[in-house]
Number of protein chains: 2
Amino acid sequence: MPKPDRQPLGVDLARTAKAATRAFDDALAAAGGSRPVWLILISLKTRAMANQRELAEAVGIQGATLTHHLNAMESAGLITRRRDPANRRVHLVELTAAGDTTFHALRTAAVEHDRRLRDGLSDADQAELARLLARLRENVAPA
Amino acid sequence: MPKPDRQPLGVDLARTAKAATRAFDDALAAAGGSRPVWLILISLKTRAMANQRELAEAVGIQGATLTHHLNAMESAGLITRRRDPANRRVHLVELTAAGDTTFHALRTAAVEHDRRLRDGLSDADQAELARLLARLRENVAPA
DNA sequence: TATTGTTATACTCTATAACTATA
DNA sequence: TATAGTTATAGAGTATAACAATA
């Protein structure tokens, strides 16, 4: 039996990611945010970060790139930054009330996006997909 | 039995796509190209496009964005553009010898990337993953 | 008028290098 | 000297709007 003629996996993954990313970005934009802002907000909400380096790593960007986004978020009134009295090199990033409101709006959009994405997938399908995606991440992880 | 506590699918997908995209972009850069250049070259190689609008659609970008990349590719000597005598509005895009060489170099890099990505996945796993990804694309496809 | 493609312009995300402040 | 973060600068990719050429 010949192997089925299939698209390269990378092509399939890239096409899927592009489509899903665009849909998600549109949903976040409609809710008044963006992907990096969402990732930063959710990181700030769910875990207390010791410093910005950790935050940048959680979001998957460089420190200077994080500063860039934090500047915009501070201008927009979503966060405040103040020095840690215990170690004045560290800048403590905190959500304002507006930041919290934006977080909830973006979360709603994200939940809706996820519901749409999962539509028609059984629990078993979802578990299998999560397993396979994790495997792909291992495969491309830098040595 | 409680539902297993799982990451939102969108988060998993986005993380996987980011990691895989980065690895792929690095591989293409090392081979002297980039993702849009690769997508354009493979589209030109595999199918004769009637016009640039079709080419842009195949690559998943806007016409003006395609022009931007074609300009760079023409400057780099990878392609030539000339008007179609039959319909002088249409610009025929053709690969040069250098474009062909670059195509083969990028294809080698892409094949190697895909081999790495698929490492440890059975044929059944790959087919299942392709099926699930196709489903996700349908789910986010604009109505 | 409609179609094909280009030009002009700008925005977002990202990154590296050099710098400041603090320890 | 080392660490935390910012500033300055740049580059890639993308997009929209206005335009030119052709039918």
Side-chain angles (χ1 to χ4, degrees), chain A residues 14 17-19 21-26 28-30 32-41 44 49-76 79-94 142, chain B residues 14-15 17-19 21-30 32-41 44 49-76 79-94 142:
Chain A
K18 188 169 195 170
T21 297
R22 232 167 243 200
F24 189 38
D25 288 352
D26 289 351
L28 291 176
S34 69
R35 193 157 26 88
V37 167
W38 164 241
L39 291 173
I40 290 167
L41 288 177
L44 289 174
M49 297 290 168
N51 54 40
Q52 285 188 202
R53 200 182 41 68
E54 276 188 23
L55 181 54
E57 192 178 353
V59 175
I61 57 180
Q62 295 296 314
T65 305
L66 177 62
T67 296
H68 168 81
H69 292 300
L70 292 181
N71 286 346
M73 291 171 75
E74 193 170 33
S75 295
I79 59 159
T80 57
R81 280 182 285 192
R82 62 186 179 84
R83 290 188 180 272
D84 182 348
N87 179 350
R88 288 182 45 77
R89 286 178 301 191
V90 173
H91 290 209
L92 297 174
V93 179
E94 284 161 351
Chain B
R15 274 175 48 206
K18 188 169 195 171
T21 296
R22 234 167 240 203
F24 189 39
D25 288 353
D26 289 350
L28 290 177
S34 69
R35 192 158 27 88
V37 167
W38 164 240
L39 291 173
I40 290 167
L41 288 177
L44 289 175
M49 296 290 169
N51 54 42
Q52 283 187 204
R53 197 182 42 67
E54 277 189 20
L55 181 54
E57 193 178 352
V59 174
I61 56 181
Q62 296 297 312
T65 305
L66 176 61
T67 295
H68 169 80
H69 291 299
L70 291 180
N71 287 345
M73 291 171 75
E74 193 171 32
S75 294
I79 58 159
T80 57
R81 278 183 285 192
R82 62 187 179 83
R83 291 188 180 271
D84 183 348
N87 179 348
R88 288 182 49 76
R89 285 178 302 191
V90 173
H91 289 207
L92 298 174
V93 179
E94 284 161 352

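None of these values were measured; they are calculated from a predicted model. Chain letters run A, B, ... following the sequence lines, proteins first and then strands; every chain starts at 1.
As rounded to whole Å, 15 Å separates atom C1' of D:dT16 from atom CD1 of B:Ile61. Atom-to-atom, CG of A:Asn51 to P of C:dA23 comes out at 14 Å; the value is rounded to the nearest Å. We find that CG of A:Asp25 is positioned 12 Å from C1' of D:dT14, with the value rounded to whole Å. Distance CD (B:Glu74) to C1' (C:dG5): 13 Å, rounded to an integer number of Å. Put simply, CG on B:Leu39 is 11 Å from P on D:dG13, counting in whole angstrom units. In this structure, B:Leu66 atom CG and D:dT14 atom P are separated by 10 Å, rounded to whole Å. Protein atom CG of B:Asp26 is 14 Å distant from nucleotide atom P of D:dA12, rounded to whole Å. Summarising the geometry, the separation between CG on A:Leu55 and P on D:dG5 is reported as 9 Å, rounded to the nearest angstrom.
Listed candidates were D:dT16, C:dT6, C:dC13. Nearest to the side chain of B:Gln62 is D:dT16. Checked against D:dT14, C:dT4, C:dT6, the side chain of B:Arg53 finds its nearest nucleotide in C:dT4. Closest approach to the A:Arg81 side chain among C:dC13, D:dT16, D:dT6 is made by D:dT6 (side chain taken as heavy atoms from C-beta onward). The side chain of A:Arg88 lies closest to C:dA23 when the candidates are C:dT4, C:dA23, D:dA17.
Remark on DNA chain D: of its neighbouring residues A:Asn87 and A:Arg22, the 5'-side contact belongs to A:Asn87, judged by nearest-heavy-atom nucleotide. Nearer to the 5' terminus of DNA chain D, by closest-nucleotide assignment, is the contact made by A:Leu70 (compared with the other of A:Leu70 and B:Gly60). Comparing A:Arg83 and A:His69 by the nucleotide of DNA chain C whose heavy atom lies nearest to each, the residue mapping closer to the 5' end is A:His69.
At a threshold of 4.5 Å between non-hydrogen side-chain atoms, the residues A:Arg35 and A:Thr21 count as touching. A:Asn51 has its side chain within reach of A:Glu54: a pair of non-hydrogen atoms, C-beta onward, lies under 4.5 Å apart. Between B:Leu70 and B:Gln52, the closest side-chain pair of non-hydrogen atoms falls below 4.5 Å. In this structure the side chain of A:Thr65 never reaches within 4.5 angstrom of the side chain of A:Val59, judged on heavy atoms. By the 4.5 Å heavy-atom criterion applied to side chains, A:Asn71 and A:Arg81 are counted as neighbours.
Residue A:Ser34 places at least one side-chain N or O closer than 4.0 Å to OP1 or OP2 of C:dC13. For the OP1/OP2 pair of C:dG5 and a distance below 4.0 Å, the side-chain nitrogens and oxygens of B:Asn71 include no atom meeting the criterion. In this structure, B:His68 does not reach the D:dT14 phosphate: none of its side-chain N or O atoms is under 4.0 Å from OP1 or OP2. Distances shorter than 4.0 Å separate none of the side-chain N or O atoms of A:Thr65 from OP1 or OP2 on C:dC13. A close approach under 4.0 Å does occur between a side-chain nitrogen or oxygen of B:Gln52 and OP1 or OP2 of C:dT6. The side chain of B:Arg89 contributes no N or O atom lying less than 4.0 Å from OP1 or OP2 of D:dA21.
Interatomic distance, A:Leu39 CG to A:Leu28 CG, rounded to the nearest 0.5 Å: 8.5 Å.
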